[in-house]
Every structure is written in structure tokens, then in C-alpha cells.
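Numbers restart at 1 for each chain; the letters A, B, ... are given by sequence-line order, proteins then strands. Predicted, not measured: the structure shown is a model, and the values here were computed from it.
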4 protein chains.
Amino acid sequence: MHHGNRHGRSEQARQAVLQAVDGLLVERGFAGVTMEGIAARAGVAKQTVYRWWPSKVDVLMDAFIDDMEQHLTPPDHGDLGRDLRAHLADLAEFLTTSDSGAVFRALAGQAQHDPAVAARLRTDYLGQQRARDELPLRRATERGELPADIDLEFAVDQLVGPVYYRVLVTGGSVSRGFTDELVARFLAQH
Amino acid sequence: MHHGNRHGRSEQARQAVLQAVDGLLVERGFAGVTMEGIAARAGVAKQTVYRWWPSKVDVLMDAFIDDMEQHLTPPDHGDLGRDLRAHLADLAEFLTTSDSGAVFRALAGQAQHDPAVAARLRTDYLGQQRARDELPLRRATERGELPADIDLEFAVDQLVGPVYYRVLVTGGSVSRGFTDELVARFLAQH
Amino acid sequence: MHHGNRHGRSEQARQAVLQAVDGLLVERGFAGVTMEGIAARAGVAKQTVYRWWPSKVDVLMDAFIDDMEQHLTPPDHGDLGRDLRAHLADLAEFLTTSDSGAVFRALAGQAQHDPAVAARLRTDYLGQQRARDELPLRRATERGELPADIDLEFAVDQLVGPVYYRVLVTGGSVSRGFTDELVARFLAQH
Amino acid sequence: MHHGNRHGRSEQARQAVLQAVDGLLVERGFAGVTMEGIAARAGVAKQTVYRWWPSKVDVLMDAFIDDMEQHLTPPDHGDLGRDLRAHLADLAEFLTTSDSGAVFRALAGQAQHDPAVAARLRTDYLGQQRARDELPLRRATERGELPADIDLEFAVDQLVGPVYYRVLVTGGSVSRGFTDELVARFLAQH
DNA sequence: TGATAAACGAGACGGTACGTCGAGTCTTCGT
DNA sequence: ACGAAGACTCGACGTACCGTCTCGTTTATCA
């Protein structure tokens, strides 16, 4: 067992904390996640948690970012329709089904209450995510499938907006049919 | 001065509580809203708040529902494009600018943490709201501007989804240009 | 069922309240007696209790006084020693064993915290009780068994003081041997 | 400033709490002593009070025990009568006049409602106190002033019982004349 | 023989204190 | 130097009773 060292933080403690927060969120929900509980479950002193993370949201954010590394790189089939359909389906599955998606929804929820969380979520997640969202469109413009002057921001909002809306607001299912239809309508505009 | 009676609750207390919660949310944010604070600001005993509302979210919900009564009835100009543009602009203003919109965002945030809030939000707000969202489309089908077999659910998601997405996720501005473009793209599909 | 009348209170309600308070004291102790609980157990409105008794102590006091009516009249055998022994034994049994004794101990306890209770206890209980305590001595002076100028106050304190002391302070048993010895020592002084 | 450490509690906090409870009892009476009030007056968090004392009675008990350390050691004049008169006078003054006496009366009152308080009062106060009460008698038997087989328990009850009785029950004054007479009557028996 | 006023049940009200939980800070000791 | 442990202040939680009040109902008395 590791108990302190003179050179930098304990990676062991960091991992334990991040795992603990994931577990707590899944088992007890956002309200059930407390700094006290995280420390206890991680077998770590409360102060150790506070030393590296200012709040439980920051712990969740780190856990989320860690988990996101390997996610959601959209495929490249050389065909805009096919790429978009696959990407939106992936996105829907991520948001509704995966553990990381649950963490994201929790963070998005908290972002409504706390502008700092909102800001952090945008810099650390949305930036990369929108880059991934734009990728199929960008490749299509390069291939000439889309006009070069297309407004990528607007196009992405049109495509993913309804998906997030269903997930975060209506709670409706986000079926493959739904995402495919979104793509079809989008393609019909150009 | 009224202080309780056999036949039900004090309307005075109810109003004071709902006003207090609105004020607190706007001035101090969601975390700054506490049952204790609501009672204090309303000049009401804590027990009186607990007697009628199980949690601060329920107080917010009631305040929100109360405020929503007079809102967001979409206009009828006899023209689909004009109606939709006006309605989306109204919606954007409600979500981003109004006090009620702030309450809605807080509730939508909390809905991510608590399924009961999500359910309540859907039954008490989304139902009516989507009825309002559909109204211009429904009138257009009656006028023959839109095909009779149009999928209203899908159409509404397409139209309002990107608006909610910007408000709740990206934090981007929801300008008149943005909503107008959404309407233009939608009309181009039919 | 009785529900109020123009002139005078409901005897039914009074009885129910006094019984309720006795029951609560025995079952749940002094702290378990509350105005709320008395009303509930008596099947009576809280206001009805407050209308007739200012506090739970007053209810207890009334219940106690009611119960005391038929108690502790010292016997008259025409012999000081015999009378005193019997009276002290009765007193000891009352204080340690009877339900009324439990109420008395509770009231005596509360009297330490509240001068008003102390005053009420003295006027409503101690007055009569000390008259009863003095009775054997008074009769003995009339018979010439005791000098006419004896200080009755002091004599009573000497006799009953140690009994109350054991009951209220040390918690020691108050056996027949103990009370008999008190009498013997007292008689030895004269 | 000290704020918690691994090895035990803050002595500063302990002292502040004990002083606060003494002050509150004297100024506002037993009912005016609350855990909330103790914490506030001591400038200490409520949780800190609860961490070390389960109830206000326990705080009072500790304060009382602390204060009792330096009290009531009976004098030794080598003469039973003189020793007893002095000791009973001291006892009377302690019970009726001193701040500690007020705390004792409050605890004795509470002991009537709560057996645990009664038990604690006996072990922590009565044990030592009766040892002090017996001391003059014990010395007298050694000197031969009293028979060696005297029942000390009984003798102490006879001597102090009437004093406690007046203090706790009748509320009568406990004058020097009264205590002297008690001693005189006691000596007359032997 | 009503009307009417007191006492009743019910229970909401503004309060105070309860005892608990978690937040975030600080100090000590062990590794 | 860092981590474990845990005491500290602080603020909110949700509950129990307090004592006051208003409401609508019941019932003995008196006009």
C-alpha cells in the first residue's frame, strides 16, 4: 500500500477516486455523489480529494474526460449519408446507453445550475465533440458533395440538436429511424 | 390576517412561497435556493413549505407552472413561415431571456439528476408546450400548406431541437437569424 | 358524543385528558408527555387542552390532585409509635410504588426547573400532605405523649425528610426497617 | 488557533462549552438551556457539542462534576458536634446558594424524569458526596465519640435527608438554626 | 321552539429546537 | 512531501411540538 511520497501525487489515489465517483454516480445518482462518499469509497482521505479536485463536479468531469478518450471518432466511408447516419447513431447510443453518457447527462444537468460547469463542459468536451461532429461534413465539402461555403456550425446544430433535445428534454427514444430521417432531411436541403 | 383554517391552505402563504422561490432562483441561482431560504424570504414557517411541497424542486415546478399560464401561445398569421419564425423567436426569447426561462433551465438541469423531476416536467410542461409548438404546423396542414400525412412529432423535434440544444448544451446565442434559417431549411424540405 | 355546549365544559373531555396524561407518563415518561400527544390520545382537539390547562405540567398536576383525594389519611391507633410507623410506611409505598407516586416524582422533578410548578406543588399538595404528616404528632400532644411545645414543622422534617431524600436523591430502597428505625430514633429524642 | 487534530479533542472547545452551559443555566434556567444555545454561546459548532455530549444534561453533568472538584471537604475540629454543624451548614449553603448547587438541583430534577441521569448522578456525585458526609462520623467512631457499630448509612440519611427535603421539596429555608438542631437531635440519640 | 353562544373536532399557521449530514478547512502523525 | 485520519466551523436538512388561529358542527339554555 502506498502512503505518501515526496515526488508528486499518487496515481493510485487518482485512479481510486475516479473509479469511486463513477461507481457512486451509477449506483446512487448525482445527489448520492458526495466528496465525503468519494473519499470513503476510494479509501482515501477527504483532504486528498480536495487537494486535487475543487468539487465533486470536477471529479466527475475528470472521470468523464478520461472515459471519453476512446469514443466517438466518426467513420469514413467516403459517403456523406452513410457517415452521418453512422455518426448520429453512435452519438445516440453514447448519450442514452453508455455509462459515460450517464455522466455526461449529469454534467449537462449541473451545467444548468453552475456557469463554471457549463464553461468547463464546453472547453473540455464540446470542443472535441463538435470537431468530431463536423468531420463528415468537412470531408464531404472536400469531396465536393457539399458546397464549400456551407455553414458547418449551423449544419451540426441541425443534425445533433434534435438528438440532444430528445435525450435531455423530452426523454423520447432516439431510434435509428429517427437519426436516419434527420440525415435524409438534411441531405434534401442541399 | 389569515392563519390556517379547516378548509384548506392559506393562499397568502402559497403566493408568498412561489414568489420567494422565483426571487431566490434569479438572485442566487439554483444552489442558492433552499427550503430554509424560501421559508425565510416568504415570511413563512419552514413546516408550511414542507407541508405542501416535498422539496425545493417541487416549489420551483409550481412557480414555473403558475408563470407559464400566460405564455407562448403562437400567433396565427395564416402563413406557415411567418408563424414558425415568430414562434421560434418567442421560444428562444422565453428560454434565454425570461425569468420563467431561467426556472425552466434549472428544472431541466435537475431533471437530469432525478427521474421524478423529469417525469413531472414532461407531464406538466412539455405536454402543453409541444401542443403549442405543433399548432402552426397543424393549421398549415388544414390550409393545405403542408401535406396531411406529415409527422408532426418529427417536424417539431427538427424545429425546436436545435434551439434547446443551443440553450442547454452549447450556450450559443439563439439569434433571430438562427431561428429564421431553421424555418427556411424546414420549409425547403417540403 | 358530546360536542360543546353553551355553559360549561365537557366533563367527558376532562376525564379523557386526565386519563391520557396518566397513561402517557407511565408508558413514555415525562419527556414523552406532550400537549399534542395528550390531545391525540384523549381524542380531543389540541385547543381543548389549551383551553383548560396552560401546560402539560398543569394537566399532570390536575391528574395528580384527582388521584390524591383518596390517599394517605394516617390511621389513629391511639399510640404515637404505631401511628408514625404506619404513616411512614404508607408514605414510602405511595412515593415508590404507586402510579400517583410516579406523577409526584415527575412533578417534583419539574419543580426544580420551574418555580411556578414548585409553588403549585406546595399549595396543592404539600399543604394537605404536611397536615396529614402532622396529624399523629398533634394527636400525641393532645394525649400528652409529646410535650405541648414541640416544633411540629421540625419534627415532620426529621421524620419524612430522610424518606423523600432516599426516593428523590439516593434512589435507595425505603424499607419498613428504615422507616421503623426513623420512628424509633425520633421517639428516643423525647 | 487550534482547529482539530488527530489525537483528540479541542480543550478550548470543551472549556467554552462547559462555561456556556453554566452561564445559560444561571441566566435562563433549565428550559433555557438548549444544545443550540450552548453551541452559540460557546462560539462552537453544534456538531462539536453533539460529538462529545449526547444531550444537554450530559453537558450539565460534566460542568457540575468539574465544579465539584474543589468543594465540600468537611473540616476536622476533633469534635463531632462542631464538625457536623459545620458540614451541614456548608451543605446547605452549597445546595441553596452556590451556582453549582443550582446545577445540582437541575440535575436532580431531571433525574426524576430520566433513570440514566439518576444513575449518572449517583455514580459521579453521590458516591463522593456521601463519603464526605460520612467523614465526621467515621472520625468520631475512631475517637470513641460514637459506638463502633453505628450504621453510617442510616446516620447520614438522618442528618442530610431533612436538608435535601427542604431544598428539593418544601422550599423552606435551611437556616443555621435548623441544621444545628438536626445535629443536636442526632447527638441526643447516642 | 328556535336562536344563539360556548365548547367542541380538526388542522393550518409562525416559530424554536431538535439531531444529522455533508461541505470545506486545518492539524497531527506516519510513511 | 504526501497521504490517512479526524476534529473543527458552518449551513441546510427534515421532524416534532409549541401555542395561536380559524373554521364549521354540536348542544344546552333562554328568549
Side-chain angles (χ1 to χ4, degrees), chain A residues 1-10 12-13 31 33-40 42-52 54-56, chain B residues 1-10 12-13 31-40 42-52 54-56, chain C residues 1-10 12-13 31 33-40 42-52 54-56, chain D residues 1-10 12-13 31 33-40 43-52 54-56:
Chain A
M1 185 57 123
H2 176 103
H3 288 297
N5 67 59
R6 58 191 353 172
H7 304 294
R9 66 199 283 188
S10 160
Q12 228 167 318
V33 178
T34 66
M35 291 298 258
E36 199 114 0
I38 292 167
V44 142
K46 213 165 47 154
Q47 186 55 43
T48 299
V49 185
Y50 277 106
R51 181 143 37 227
W52 302 111
S55 74
K56 71 171 181 175
Chain B
M1 181 62 107
H2 175 101
H3 287 299
N5 64 56
R6 181 168 196 179
H7 299 293
R9 60 199 287 187
S10 158
Q12 228 168 311
V33 177
T34 65
M35 292 296 259
E36 199 112 0
I38 292 167
V44 141
K46 211 165 39 153
Q47 186 57 49
T48 296
V49 185
Y50 278 106
R51 180 150 36 230
W52 303 112
S55 75
K56 71 172 181 176
Chain C
M1 182 62 107
H2 175 104
H3 287 297
N5 66 57
R6 185 166 189 179
H7 300 292
R9 63 199 288 187
S10 159
Q12 227 167 318
V33 177
T34 65
M35 291 297 258
E36 199 113 359
I38 291 167
V44 141
K46 214 166 42 152
Q47 186 55 44
T48 297
V49 185
Y50 277 105
R51 180 148 36 228
W52 305 110
S55 75
K56 71 171 181 175
Chain D
M1 181 65 104
H2 176 103
H3 288 298
N5 64 56
R6 181 167 194 179
H7 300 292
R9 61 200 287 188
S10 160
Q12 228 167 313
V33 177
T34 65
M35 291 296 258
E36 200 113 359
I38 292 167
V44 142
K46 210 167 40 155
Q47 185 58 50
T48 296
V49 185
Y50 278 106
R51 179 149 38 231
W52 303 111
S55 74
K56 70 172 180 175

Those residues that, when tested against A/K56, pass side chain to side chain donor-acceptor pair (under 3.5 Å) (two or more places apart): none

Taking only residues two or more places apart in sequence, or in another chain, which ones meet D/A13 in a side-chain contact (heavy atoms from CB on, under 4.5 Å)? D/S10, D/V44, D/T48

Sugar-phosphate, base or nothing in reach of D/T48, heavy atoms under 4.0 Å: base

Quick check for you: to the nearest 0.5 Å, what is the distance between D/Q47 atom CD and D/W52 atom CH2? 11.0 Å

Value in whole Å for how far the P atom of F/dC17 lies from CD of C/E36: 7 Å

Separation of B/M35 atom CE from F/dA12 atom P, in whole Å? 13 Å

Which is more 5' along DNA chain F, the nucleotide nearest B/G37 or the one nearest C/V33? Just name the residue. B/G37

Calculate the interatomic distance between C/R9 atom CZ and E/dA6 atom C1'; express it in whole Å. 13 Å

CD of D/Q12 versus P of E/dC26: gap in Å, rounded? 16 Å

5' precedence on DNA chain F between D/V44 and A/A45 (nearest-nucleotide basis): A/A45

Please give, in whole Å, the distance from F/dT9 P to D/Y50 OH? 15 Å

Taking only the side-chain nitrogens and oxygens of D/W52, find out if one of them lies under 4.0 Å from OP1 or OP2 of F/dC8. yes

Whole-Å distance, A/K46 NZ to F/dT9 C1', equals 11 Å

Which heavy atom of B/E36 sits nearest a heavy atom of B/K46, and at what distance? OE1-NZ, 3.3 Å

Could you pick out which residue, A/Q47 or D/K56, lies toward the 5' side of DNA chain E when each is mapped onto its nearest nucleotide? D/K56

By nearest-heavy-atom nucleotide on DNA chain E, the more 5' of D/S55 and B/G43 is B/G43

Write down the distance between CD1 (A/I38) and P (E/dG24), rounded to a whole number of angstrom. 11 Å

Does a side-chain N or O from C/R51 land closer than 4.0 Å to OP1 or OP2 of E/dC8, or not? yes

Candidates E/dC13, E/dC8, E/dA23 - which lies nearest the side chain of C/A13: E/dC8

